Chemist: 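This is the structure, below, for whatever I ask next.
Just so you know, these numbers come straight off a predicted model, no measurement behind them. Throughout, numbering of the chain's residues begins at 1 and tracks the sequence.
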Amino acid sequence: MSRKRFFLAYGILFLAALLLRMTVAVFANHGEIKTVRPDTAGYFAPARSLAANGTYEGTRRPPGFPLLAAAVFKCGGGERFLSFLLAGFSAFTVLAVARAGFLCGGHPAALIAGWLCALNPTALGNAPLLLTDSWAGVFVALQYWFFLEFYRKRKWQWLYGCAAVAAWGALIRPVNSLFILPLLFLLAVMPEMKWQKKCLHGVGCAVLFFAIIAPWMFRNAAQGAGFTIDTNTGAMYHQNGAMLMGEVTGKGYEFEKQRIIAEQTELFADTVRFPDEKSREKYRITQYRKLVIKHFPLWLKQQFNYQILLPDLPSFTECLGISRSDRGTMAVLKEQGMPAAVRHYFGEKWLWMISALLPLIAVALLTCAGSLFYLIEAVIDWKRSRMEIFIFGAFVYYYLFLPGAIVAPRYQIPALPCLAVTAALALLRMWRKFRKTGEIDEVPGDVESSAA
C-alpha cells in the first residue's frame, strides 16, 4: 500500500468512526441529556469534590473516570463536553484496533477489524455515555495492541507497556485488576524464549502493575475500606447473587434483588457490627461467596451466557432519543429470553426498529460469527494454534466470564478489540478459500501470523 493510499484508507476509517460517534453524542446531548445512567452519580460525586477542593470523596468507585471528569469540570467543561470527549476517545480505539489487526494480517486485516469496531452498535451506543466503559475500552485496546507488538517483535518494552496500561485500566474498571494473571500466563507459555528471561521480566511486569494500583489500595485501606481498588465489588451479592437465587427459588431476579437489598439495609443499620465500609463490603462478598459454593453448578452455568454478546441496541436508540431506559428488560431477558426482551423493550414498534437497525446488527453478528469461526479453526489445529487460543482467552474470554450472570451488553466492550481482529482474520481466510485455484494466493499486504 502506497503512503498516499495508507493515509487515505486509515484517515477515512478514523473520520468515519469519529463522525458516527459524534453524531450519536449530538443526539444524546440535545435537549434533555440522555447520557446519564444510575451509576453516573457514583463517579460524579468524587469528581466534583476533586474539581472543587482537591479531595476525593468516598471509596465506592475507582479513581480513573472521576479524575478525567474532574479535569473537565476544573477546566470549565460540563457533562456534555465530557460526553463528547468520551466519544472522541472511543473513535481513537478504532486506530488501536486497526494497528493490532495490521500486526496479525497486514493492511487488509487492519481495515476490516477497524471497520468492524467503527460500526459496532455497542461501541456506538456507549461512546457518549457518562460511564467508564468507553474510557476503559481505550486502555484495553492499547494493552491488546501492546501485547501483540511484544509477541511479534519480542521487545520487552511492549510487555511492560501492556502491564502498565492494564494497571491504569484497573483504576478505571476493577475488572482489570486480575489481568496480570493471564498476562503472566501468556508470557509463561510463550514459545522460543528462555525461562530465565520469562521469570525476570514476569516479576518486573508484576511489580510495575502493583506499583501503579497499590497506592490507591493503600489509600482505601487508610479510609477504613480495606486493601482494595473499590468497595463496589460487594454489589455482586445483590446483582449476581440475586440472579443466582432468582433461578434457585423461581421467584425471579427483581424479587431476590429487592429482598437482599432490604436485608442488607436492616443489617447495616447496626453500626456496632458494621462500623465501616470494610466490614460491610466483607459481609457482602462473604455472602456472595457462600451462594456460589452452595450452588456452584448453577453459578458455573450462568457464567457461560451468550447474551453478553448481544448488540447494545437499547443504548444506541436511547442516545438517539428513540427509546427510554429502566424498563426492566434485563429481568425479561433472563427469565423469558431474547425475543420476549426485544418485544418488551421496543413495544409494538419492535419489528420496525429491528428492521431499521439491521445494518448495525449485521456488523455485530459478523464480528461474533467470524471470531467464533477463527476460534473453532484454532481449536481444531490446536497443536499449531495454542498461542492463538491462549491469547483469545486472555483478551476475550477473561472479559466475558468475569461479569457473571449480569449480562449488560456494554460489558463486551473490553473484548471487542480482539473480537474484531480475530473476525477480520477469519473473514480473510474464508475469502482465500473461496478464491478460484490459480488466482492470487495471498491478499495484498497480508502478513501471516498466529499472533491473534
Chemist: Pairs in or reaching into residues 29-68: which pass ring-ring contact (aromatic ring centres under 6.0 Å, His included), with residues at least two apart or in two chains?
Modeler: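 Qualifying pairs: Y43-F65, F44-F73, Y56-W216.
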Chemist: To the closest 0.5 Å, what do you measure between CZ (F209) and SG (C205)?
Modeler: 11.0 Å
Chemist: Sequence neighbours excluded, which residues qualify as salt bridge (Lys or Arg N to Asp or Glu O under 4.0 Å) partners of E277?
Modeler: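 With neighbours one apart ignored, the set is R60, R280.
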Chemist: Are any of the side-chain nitrogens in R259 or E256 under 4.0 Å away from the carboxylate oxygens of its partner?
Modeler: yes
Chemist: Suppose the criterion is ring-ring contact (aromatic ring centres under 6.0 Å, His included): which pairs have a residue in residues 222-249, not counting sequence neighbours?
Modeler: F218-F227
Chemist: D276: what forms a salt bridge (Lys or Arg N to Asp or Glu O under 4.0 Å) with it, not counting sequence neighbours?
Modeler: none
Chemist: So which pairs with a foot in residues 393-418 pass side-chain hydrogen bond (donor to acceptor under 3.5 Å, both in side chains), sequence neighbours left out?
Modeler: D133-R410, Q143-Y399, N176-Y399
Chemist: F179 and F139: ring-ring contact (aromatic ring centres under 6.0 Å, His included), yes or no, with the steps?
Modeler: CA-CA 12 Å; F179 187 79; F139 288 82; over 10 Å; no
Chemist: Mind jotting down which residue pairs meet the side-chain hydrogen bond (donor to acceptor under 3.5 Å, both in side chains) criterion with at least one end in residues 194-210? Sequence neighbours excluded, please.
Modeler: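 As it turns out, the side-chain hydrogen bond (donor to acceptor under 3.5 Å, both in side chains) pairs with a partner in residues 194-210, which skip direct neighbours, are Y160-H201.
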Chemist: Decide yes or no on side chain to side chain contact (heavy atoms under 4.5 Å, CB included) for L313 and Y345, but give the supporting numbers first.
Modeler: CA-CA 10 Å; L313 300 180; Y345 182 80; over 6 Å; no
Chemist: Counting neighbours of NZ on K153 that are heavy atoms of other residues, nucleotides or ligands and sit closer than 6.0 Å, is the number greater than 12?
Modeler: yes
Chemist: What about the rings of F147 and W158, do their centers lie closer together than 6.0 Å?
Modeler: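 No, they do not, as the ring centres are separated by 6.0 Å or more.
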Chemist: If the condition is salt bridge (Lys or Arg N to Asp or Glu O under 4.0 Å), which residues does R48 pass it with, not counting sequence neighbours?
Modeler: E79
Chemist: Taking it one step at a time, do E388 and Y374 satisfy side-chain hydrogen bond (donor to acceptor under 3.5 Å, both in side chains)?
Modeler: CA-CA 9 Å; E388 294 183 20; Y374 171 93; 3.2 Å; yes
Chemist: Taking only distance into account, with no hydrogens and no angle test, what donor-acceptor pairs under 3.5 Å do side-chain atoms of residues 360-372 form with protein atoms, sequence neighbours excluded?
Modeler:
from : atom 1 : to   : atom 2 : distance (Å)
T367 : OG1    : V363 : O      : 2.8
S371 : OG     : T422 : OG1    : 2.8

Chemist: So, using side-chain contact (heavy atoms from CB on, under 4.5 Å) as the criterion, who are the partners of V24 when residues are at least two apart?
Modeler: P128, F316, C319
Chemist: Scan the side chains in residues 116-123 for donor-acceptor partners under 3.5 Å anywhere in the protein, sequence neighbours excluded, and list what turns up.
Modeler:
from : atom 1 : to   : atom 2 : distance (Å)
N120 : OD1    : T122 : N      : 2.9
N120 : OD1    : A123 : N      : 3.1
T122 : OG1    : D312 : N      : 2.9

Chemist: What pairs with D230 under salt bridge (Lys or Arg N to Asp or Glu O under 4.0 Å), at least two apart in sequence or on another chain?
Modeler: none
Chemist: Can you list the residues that meet the side-chain contact (heavy atoms from CB on, under 4.5 Å) rule with L300, with sequence neighbours excluded?
Modeler: F296, F304
